[in-house]
Amino acid sequence: VNENNPIGIFDSGLGGLTVLKEIHQLLPNEKLIYLGDTARVPYGTKSQDTICRYSVQNSLYLLKHQVKAIVIACNTASSYSLDWLSSLFQIPVIGVIIPGAKAAINQTKNKKIGIFGTKGTIHSKSYDQALKKLDEKVAISSVACPLLVPLVEEGWIESKITEDIINHYWKELAKEGVDTLILGCTHYPMLKTTISKVVGDKVWLVDSAIETAKAVKEVLKKNSLLNLSSREGAIEIKVTDDPDSFGKLSQKIISFQTNQIEKINLD
Ligand code: DGL
């Protein structure tokens, strides 16, 4: 691989486009190839074995396109399969958990950090481990928010019902007095406005998409893999199920042009 090769990004569906968007904004010259495993979404409710198998298949697909690095743009897949993928492949593999944890540690003043995530991410304790490694004195409270992904996918971003549901999940963390809340799922940055409204402006929200983009830049730089061309990099999007519905929703997340969305087969 060399610096002209694309960066491969995968997610269970469209949430990872929040990560793609930040990478493109920070590294506009990089070619990006995104795989949304829409045929098998959601990942947030599935077991570690299943998620590891899916993650390997997704990575092998990206490797066929000669990617120079793989970004796991999914909290659940990062939680369960980052170590496994890193041990299998020679190229850098970057997940979203460690960048999010670092940002939270840098931000908190009272060392009380809250986490919203899918069932899988919360169950895996990946954020707890990453946070404790950085600062063992930090107090962590987490809550699985299984209703938030479907709300985003239905486009219910700022409705009263969404606010009420966020409030229900938040109540548990508010009791703990957290001053920092990790948005531990790719879909949650899309709910940022509504989450802010519920938690108030004294709670810092950590959007792991932005932090992951910074981590990708750092890793590429360290490995002398940054694309130094002055031309804007092309973005290719692949999905494993119907590209039409994905196309409509994806336009809400990324406002820039991509090549056509192509349906592919992983087997
Ligand atoms: N991408 C997943 C995550 O960040 C959320 C959607 C899903 O459950 O597949 O955990």
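Bear in mind the structure is a predicted one, so any value in this text is a computation, not a measurement. Both ligands and their constituent atoms are indexed starting at 1 by order of listing. Numbering of residues begins at 1 and proceeds along the displayed sequence.
- The nearest heavy-atom contact from the protein to atom 10 (O) of ligand 1 is Thr76 OG1, 2.6 Å.
- Contact atoms of ligand 1 toward Ser12: 1 (N), 2 (C), 6 (C), 7 (C), 9 (O) (distance under 4.0 Å to a heavy atom of the residue).
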Can you list the steps and then say if Asn75 with Thr121 is a side-chain hydrogen bond (donor to acceptor under 3.5 Å, both in side chains)?
CA-CA 6 Å; Asn75 286 259; Thr121 296; 5.3 Å; no
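- Residue-to-ligand polar distances keep Thr121 apart from ligand 1: every N/O pair is separated by 3.5 Å or more.
- Nearest non-hydrogen protein atom to atom 8 (O) of ligand 1 is Gly44 N, 2.8 Å.
- Looking at Asp37, Thr76, Thr50 one by one, the single match for side chain to side chain donor-acceptor pair (under 3.5 Å) with Tyr43 turns out to be Asp37.
- Within the 3.5 Å criterion, the main-chain N or O of Lys192 finds a donor-acceptor partner in the side chain of Ser196.
- For the pair Asn5/Lys31, no side-chain contact is recorded, criterion being any heavy-atom separation below 4.5 Å from C-beta on.
- Atom numbering of ligand 1 starts at 1 in the shown order; those under 4.0 Å from a heavy atom of Tyr43 are 7 (C), 8 (O), 9 (O).
- Close N/O approach between Asn75 and ligand 1 is found [any backbone or side-chain N/O within under 3.5 Å].
- Atoms of ligand 1 found under 4.0 Å from any heavy atom of Val41 (numbered from 1 in listed order, with element): 9 (O).
- With respect to the salt-bridge test (charged N to carboxylate O, under 4.0 angstrom), the residues Asp164 and Lys160 qualify.
- Counting protein heavy atoms only, atom 2 (C) of ligand 1 is closest to Cys74 SG, 3.5 Å.
- Less than 4.0 angstrom separates some heavy atom of Asp11 from each of these atoms of ligand 1: 1 (N).
- Under a 4.0 angstrom heavy-atom cut-off, Cys185 registers as being in contact with ligand 1.
- Smallest separation of non-hydrogen atoms from Tyr127 and Ser208: OH-OG, 4.0 Å.
- The ring of Tyr34 has its center no closer than 6.0 angstrom to the ring center of Phe10.
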